[in-house]
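Input: a single structure, listed below in structure tokens.
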Number of protein chains: 4
Amino acid sequence: MKTKEEYIESMRRMHFELYMFGEQVTNIIDNPIIRPTMNCMAATYEIAEEDKFPEYQNIITATSHLTGKKINRFCHIHQSIEDLVSKSKMGRLLGVYTGSCFQRCVGMDALNALSIVTYDIDQKYGTKYNKRFLEYLKYVQDEDLVCCGAMTDAKGDRSLRPAEQADPDQYLHVVEEKPDGIIVRGAKLHQTGAVNSHEIICMPTRTMREEDKGYAISFALPADTAGIIYVYGRQSCDTRKIDSPSMDVGNVLYGGQECMVIFDNVFVPRERVFMYKEWDFTSDLVESFASYHRQSYACKSGIGNVLIGACQLIAEYQGTSKAAHIRDKIIDMIQLNETMMCCSLSCAYEGHKEPSGTYCVNTLLANVSKLNVTRFPYELGRFAQEIAGGIILTMPSEKDLKEPRIGKYVAKYLKGIQGVPVENRIRIVRLIENLTTGLGAACYLAESMHGAGSPMAQKIMIGRQTNIDEMKNAAKRLSGIEAAS
Amino acid sequence: MKTKEEYIESMRRMHFELYMFGEQVTNIIDNPIIRPTMNCMAATYEIAEEDKFPEYQNIITATSHLTGKKINRFCHIHQSIEDLVSKSKMGRLLGVYTGSCFQRCVGMDALNALSIVTYDIDQKYGTKYNKRFLEYLKYVQDEDLVCCGAMTDAKGDRSLRPAEQADPDQYLHVVEEKPDGIIVRGAKLHQTGAVNSHEIICMPTRTMREEDKGYAISFALPADTAGIIYVYGRQSCDTRKIDSPSMDVGNVLYGGQECMVIFDNVFVPRERVFMYKEWDFTSDLVESFASYHRQSYACKSGIGNVLIGACQLIAEYQGTSKAAHIRDKIIDMIQLNETMMCCSLSCAYEGHKEPSGTYCVNTLLANVSKLNVTRFPYELGRFAQEIAGGIILTMPSEKDLKEPRIGKYVAKYLKGIQGVPVENRIRIVRLIENLTTGLGAACYLAESMHGAGSPMAQKIMIGRQTNIDEMKNAAKRLSGIEAAS
Amino acid sequence: MKTKEEYIESMRRMHFELYMFGEQVTNIIDNPIIRPTMNCMAATYEIAEEDKFPEYQNIITATSHLTGKKINRFCHIHQSIEDLVSKSKMGRLLGVYTGSCFQRCVGMDALNALSIVTYDIDQKYGTKYNKRFLEYLKYVQDEDLVCCGAMTDAKGDRSLRPAEQADPDQYLHVVEEKPDGIIVRGAKLHQTGAVNSHEIICMPTRTMREEDKGYAISFALPADTAGIIYVYGRQSCDTRKIDSPSMDVGNVLYGGQECMVIFDNVFVPRERVFMYKEWDFTSDLVESFASYHRQSYACKSGIGNVLIGACQLIAEYQGTSKAAHIRDKIIDMIQLNETMMCCSLSCAYEGHKEPSGTYCVNTLLANVSKLNVTRFPYELGRFAQEIAGGIILTMPSEKDLKEPRIGKYVAKYLKGIQGVPVENRIRIVRLIENLTTGLGAACYLAESMHGAGSPMAQKIMIGRQTNIDEMKNAAKRLSGIEAAS
Amino acid sequence: MKTKEEYIESMRRMHFELYMFGEQVTNIIDNPIIRPTMNCMAATYEIAEEDKFPEYQNIITATSHLTGKKINRFCHIHQSIEDLVSKSKMGRLLGVYTGSCFQRCVGMDALNALSIVTYDIDQKYGTKYNKRFLEYLKYVQDEDLVCCGAMTDAKGDRSLRPAEQADPDQYLHVVEEKPDGIIVRGAKLHQTGAVNSHEIICMPTRTMREEDKGYAISFALPADTAGIIYVYGRQSCDTRKIDSPSMDVGNVLYGGQECMVIFDNVFVPRERVFMYKEWDFTSDLVESFASYHRQSYACKSGIGNVLIGACQLIAEYQGTSKAAHIRDKIIDMIQLNETMMCCSLSCAYEGHKEPSGTYCVNTLLANVSKLNVTRFPYELGRFAQEIAGGIILTMPSEKDLKEPRIGKYVAKYLKGIQGVPVENRIRIVRLIENLTTGLGAACYLAESMHGAGSPMAQKIMIGRQTNIDEMKNAAKRLSGIEAAS
């Protein structure tokens, strides 16, 4: 397995075509906007280093079912219920550690979903996708690679299906078949951690019908393959990382990353194609990936821990921590945060084995889990802004604190209680700002809403996964209606 | 193990001193108010009958760690995580089966809590409580008995502690020590299933201080011991069971039961005393029992299934089931219902082994679980009343439906869609009424609020069980404050 | 104007065909189930008696625009903004006074809606409905009558329109035209205060299309006209009024009433017909009535006052009123309650004059007002059950309190704080039970949900009444898009 | 009255000592961060220009009760209920027009509060504050000035009162008395629109006791008086105004502003002192100002209009506007938004005349109004982020759209439906980002939470303003307890 440093060095060797704020970025590693996001990805390597964090080995590493070697869990195919549970706990652990989106779960979820669906396609059609996939997986595990799992297409007019769009490229599709592969065109939006990745794995974004079969594709490529263009997304307060490299950013260590990924007639060799034209398996692949990925939002309970800790601190720094209503709100935050975690754990504990041998989460509960995640962090955020006070929207900059003439006034009037450095209060206010309206809010709020599918996607799945007839029969029996009627 | 019929026969042999509506009830078995509650308790025996429900044996039965015999899980001391999980699932299963409070979990939770705390007291003080308790437990298991777990005292002025009350009997206490036992006086309120029980097990209702040590008692007695007086509590729509024995009741099979239990100078033999004066263990006993019992509210997810089924049916019967907002509300109900279940499951899966050998749930998550239960059923109830429509508050009685002159009009104008008997619609409306404002609402709403402790009790425990320092340190590190500061 | 006593005597002279619990009721006045509801209606007369309540004259009386005489506001056509505002305040006042649905607003709202729409029909079609209506109105005002406003039809299969139903009577319609009138058949459900009324005024329940024009009818009749059959609806805990005439009922003075009203080929004389076949005005009539009636739910803020008062009392009686969380919940209840009232007031203050001269509320805000009412009382109810404690579902009956042997125990263990009679605590617990799950909950919860239309009806109107284009233009301008695009 | 241009020119003549990002700002007018906030303030002048907006004259202008001249309502003392209502409507109007905090209401609210309290102090103590104040007011009205109302002190340790602080300057106080005035020291935090103001009016931030009387001061000064130092607060995405002057900002026209204002031994001439040492009137001044200012949050319903309009547009642009759940969410947003407005209107309509002749809002309802504002915009914001979709957190910058190589891809894959320029979609996404997590969120969310006092301040006032005894008596009467007991 790679160390944190080896991962960063490996990224230095990648050659992305990347644009940000209208300019091409050639040195990704040292870019001040990108670097904290790379450090965040690197944390998934660091925390697996046995000498640094021996206590987390059970959670963060696993044993490859292909090679028997110890691997990073992010490259692992779940072999047991314990694996699924460890995955939820790993998410929370890294959420606490980074206070941010660490960007690596989406690739893990894509690998696991493909391990199931490639097998199932082969069973039906006699194809060889699973074998290809397992060879690819072995490579990923041996090299300890980051895979970007790419699902969401541009979609154009959302009231139309892929084949109905005015512009056929609104969903990623095959534009040409070659003897040794295919050429694809389109774009994947909202790609988390894209330019912190070694590989990119594409999947369809929705259930396809027969007429959409050219869109029914899944494949993997090195992330810096020629023809793939990355455009870095803007996020709230992103440039504070340049302006004010320390306090004002809030989370001074880590951050997340989102890119638009454009496939401009990109060649995919046959051995990296894991689905093509099997439109009747798109639904399985989408649902399988989505279920795994909805489980992954256990990370938000980890970020919740950070936010709750920050709220407790700011209350202490301001002299309000003993007020009954503050304590009550802190507990309300814990309640919401632990409820989310319970759902992620339960969908793992109630998982099952697929025909391929891979363990999969309980689909109903994974959707229930994520649907809560689309709501609760917003409530936590509101509580946090209430506890922090008006200073969250009016505090002068770090540079003002250090300005010779006025710095002393800024320090004096932001002081809070005696015995705590004013800088502590400032830093915690900035962290709460980060998580509730700044860069961290991109991860903690908007991503909680839309990552792994927007709320309606979960609602549709919940409706579909529930055995409503059993419930109807229970009601009939108890009310005196014959259940058979 | 007893069959359902054997249980009912065993109750016929009990001699309770019971009052209801100002009159003494001598034949409990055949009283129309009580009988459905006894049938509900009997369901915990019926569903364990292997020939009737072979599919539930894993859930509803267990192997005694004392005797190795198969026993009803309600008499079992949890020996593993699987036991804890099965308990949560048993609760939901019986909630679905009865649509009501089946009243037997409180005794199970009392037994498990005592198995831990009697052991711990003995370790500290060299007492013999645990041995006594295990002998008692063996008797309960061998006879397959129902134990009423009795905790809540009258409490008088709640701003005062037990020893401060104007009337010393506001908390159950020892009024005299005898060579072979103790004499107790006081009352336990809100006793679920009291006169459907063989035994009653008393515990302190709160943490005691040294000055309250006469109140630090736990013991078991046959429920019909002389000097114990039962007063049956009124509940919404209780007399419909007399007036109109069928449809209007809503749940035509089952119901719950709550009694005030008065101890009028009752003698407890020494071998049935499991705590006396060890005030420093009252907190452990209360918290241990409360944690188990908060887990037990998985049953409300079972009742939730019934309510959701009823809502789906009424929508179908009224021609509204395809409306987008109805489907959306049904899914919102499922979401809340499954979220509750996830929490109950998680506190079980994340349980641990106590020094006594008993497995106990995760205390934090058990409290989180119950706190959701104090809220979500009310939301489900509101959704149900919305879906059912105004008929929920205006529907004529069953007798009107059968009245010669007007019955045909009532039937005609309550018809709903073609192809469904009008009686079905009526029955489902009554079931929803039962669960949201009638007898069932006592179980499903008010009991969800206060059973196993009111919401503030859970909030206090959540605050206490959370490692807020770890959260603070995470926030300090990410904001750039040294964690040690 | 009639006194309370004169009203009751006037009801004694009515000859309803009424059924309840499968039996015909001939003496309505002295029926223990009905009497409290009649007393509640009588409160609308009592509170207008100048010698008894001089302070309420401005609110409860008005000056007839037809005769210049002082009349009860429930018979008044609103002549100013002040009238509209006084109506909202009258609703709250009577809500506080009765803690119940006083049943008289629906007739007032029907009269006002008809005063507008009969005028508008005449303007378009040259009919004489308005003149007829004003003559009828003069009679109602002079005699100080209660009118039952009847709108909701049986509806059958709700996915079908009136003319599409298998049974044509699922919506009230004309079955025969006579030289001097029409004969109607059908039923009106959920008729509040029906057998406490002198008159019944029917209106269509929905927008009709041309093919439904036989259903586009509005008319008034004496409520005891031959052929009108009333079936009394069951409500939670209704028979406690018989069983236990005092404490256990909770609200010992008042209650509400709901009937199914069947029109079995009833003749309506031409001079009492206010709409027939003008299907293009059904929408106006429904919306106009609904807007007025949605305003009327200010009464629930009055009931809210009672519930909040009860919660404060029970907290004091139990020694918890100083706990921070209790005070916080009381304030949350006030917040919800006053928010509802603000909306009812605003739709009145922002009212306008119709061509007929009648003042009408702001339609958008009236719908906003009612939509909050479908939600907030449920939250108040949940808070109340939390504050009251578990006793709400377990308390013995009044008869137990008075039973010679056990009464002293019941009194002792329900005592609460020193210095307050135990009976007070019992009475307040029963009042909270009444309002949250008993008879009062029918008025306070389910009626809040469905009265004046279920929530979706309000949502549809809110969508229709909002000028979304103005909002879009504001967004376009601020974002830099030309507003005209 | 000044025109928009005259206002801006008048600001050019001010000489503030202002710091931002660690540097002194000398040209405020042309600073790209500040200018949109000044334009926003200028909108309060522009919309009063009769030739530009004749339709708003009734709302935005009033007649001075001192001079009889037409004045901007922001300088007016309310002389009637109509004035109070117009104030609420003016707030919403400008909220729609600017989509931002226009910063001028706080001075208006300070003037009105002082008009009441200076009069009341004089009545008790025979002082001349009111006369001084009215002379000052005349000057403000004649010159059409912006007053910054300054209340919130630094507060230090919030568990301590002013006189108990380790640093006595944590609350603004008098440090020296001079023959012709006083010298003050301290700071006011969270000062909205500070460097867009001509004048600054200070008031105490809380109720003072006798020992705090040196803190019981109110006065007015020219905002650029020597010794007053301004430090500009950072807000989310503030520097986008520099980086990318157009689309990425979201609201391309306007923004808000918050400053820390330091009083470094500033001299206040006697004729500008409106309170000094009358600690027993601090409570009145705080509550009076707070009530007015809580009413002022009607502006958030105006911003709500903008956000709802933006959500409708983005749904149309993306092809989702016809989905039932989207329409439902839009209506939920309207419901919350109008409910807030109803409360602001009601506290105005239910206002009253003070002894000074000034009309004041209903205090209870003003607090109810603001408490809703601390919650509902957060819900609207969450709905908006849900409707907008994941693009809210991943969209490339405007510069990427215009970059020669990749601009065409960005445009292609952000297109949405046919027939709408891609730029429109981008602009609306940015506007939603602005209002929910960017610069606008500072105004719309955090300011809604804390402006005019944090939620607990409102809750305390609500508890204090409610006549709970009346409610208790109503409950006693209905439950059968004598009201006198």
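To find a chain, count down the sequence lines: A is the first, B the second, and so on, and within it residues start at 1. The shown structure was predicted, so the numbers you read here are calculated from the model rather than taken from an experiment.
Among C:L445, C:I229, C:L439, the residue with the largest count of heavy-atom pairs under 4.5 Å with chain B is C:I229. With chain C as the partner, the residue from B:Q165, B:E17, B:E447, B:E23 showing the most heavy-atom pairs under 4.5 Å is B:E17. Chain B forms more heavy-atom pairs under 4.5 Å with one residue of C:Q24, C:K412, C:K155, C:Q191 than with any other, namely C:K412. Counting heavy-atom pairs closer than 4.5 Å to chain B, the top residue among C:D169, C:T192, C:D167, C:I392 is C:D169. Per-residue counts of heavy-atom pairs under 4.5 Å with chain C were compared for B:E386, B:E403, B:Q418; the largest is that of B:E386. Of the residues considered (C:C443, C:S159, C:G389, C:G438), C:G389 shows the highest number of contacts with chain B, using heavy-atom pairs under 4.5 Å. Your options are C:Q385, C:E433, C:E258, and the one with the most heavy-atom pairs under 4.5 Å with chain B is C:Q385. For the options C:M449, C:Q170, C:K459, heavy-atom pairs under 4.5 Å to chain B are most numerous at C:M449. By number of non-hydrogen pairs under 4.5 angstrom with chain C, the leading residue of B:V231, B:T320, B:L401, B:L393 is B:L393. The candidate with the highest count of non-hydrogen atom pairs below 4.5 Å against chain C, out of B:G381, B:G156, B:A154, is B:G156.
Heavy-atom distances place no part of B:L160 under 4.5 Å from chain C, backbone and side chain included. In this structure, the portions of B:S236 lying under 4.5 Å from any heavy atom of chain C include both its backbone and its side chain. Heavy-atom distances place the side chain of C:H325, and not its backbone, under 4.5 Å from chain B. If you measure heavy-atom distances from C:I391 to chain B, the contacts under 4.5 Å come from both the backbone and the side chain. When heavy atoms are compared at a cutoff of 4.5 Å, C:M395 approaches chain B solely by way of its backbone atoms N, CA, C and O. At a 4.5 Å heavy-atom cutoff, the contact between C:A446 and chain B is made by backbone and side-chain atoms alike. Using a 4.5 Å cut-off between heavy atoms, B:T374 contacts chain C through its backbone alone, with no side-chain atom that close. Using a 4.5 Å cut-off between heavy atoms, C:D264 touches chain B through its side chain atoms alone.
Of the possible polar contacts, one joining the B:Q103 side chain to the B:G255 backbone as a donor-acceptor pair under 3.5 Å is found. At least one donor-acceptor pair under 3.5 Å links the side chain of C:D400 to the backbone N or O of B:G22. Put simply, the side chain of B:Q235 never gets that close to the backbone of B:Q257: no donor and acceptor are under 3.5 Å apart. In this structure, the side chain of B:K370 engages the main chain of B:S448 through a donor-acceptor pair within 3.5 Å. Within the 3.5 Å criterion, the main-chain N or O of C:R158 finds no donor-acceptor partner in the side chain of B:Q318. With hydrogens and angles ignored, the 3.5 Å screen pairs no side-chain donor or acceptor of B:K241 with any backbone N or O of B:P32.
A salt bridge does not link C:D248 to C:R240: none of the charged nitrogens lies less than 4.0 Å from a carboxylate oxygen. For C:K188 and C:D153, the salt-bridge test passes: some basic side-chain N is under 4.0 Å from an acidic carboxylate O.
Considering only residues two or more places apart in sequence or on other chains, C:R382 meets the salt bridge (Lys or Arg N to Asp or Glu O under 4.0 Å) condition with none of them.
Between B:M247 atom CE and B:E398 atom CD the span is 4.5 Å, to the nearest 0.5 Å. Here the CG-CG distance, from C:L189 to B:L414, works out to 6.5 Å after rounding to the nearest 0.5 Å.
Closest of all the heavy-atom pairs between C:I417 and C:K415 is O-NZ, 3.1 Å.
C:F21 is listed as a side-chain neighbour of C:D238, based on a closest heavy-atom distance under 4.5 Å. Put simply, the side chain of C:F263 reaches to within 4.5 Å of the side chain of C:I228, judged on heavy atoms. Side-chain contact between B:E379 and C:Y378 is absent, with no heavy atoms from C-beta onward closer than 4.5 Å.
Residues from residues 404-411 of chain C that place a non-hydrogen atom less than 4.5 Å from a non-hydrogen atom of chain B comprise C:R405, C:I406, C:Y409, C:V410, given in numerical order.
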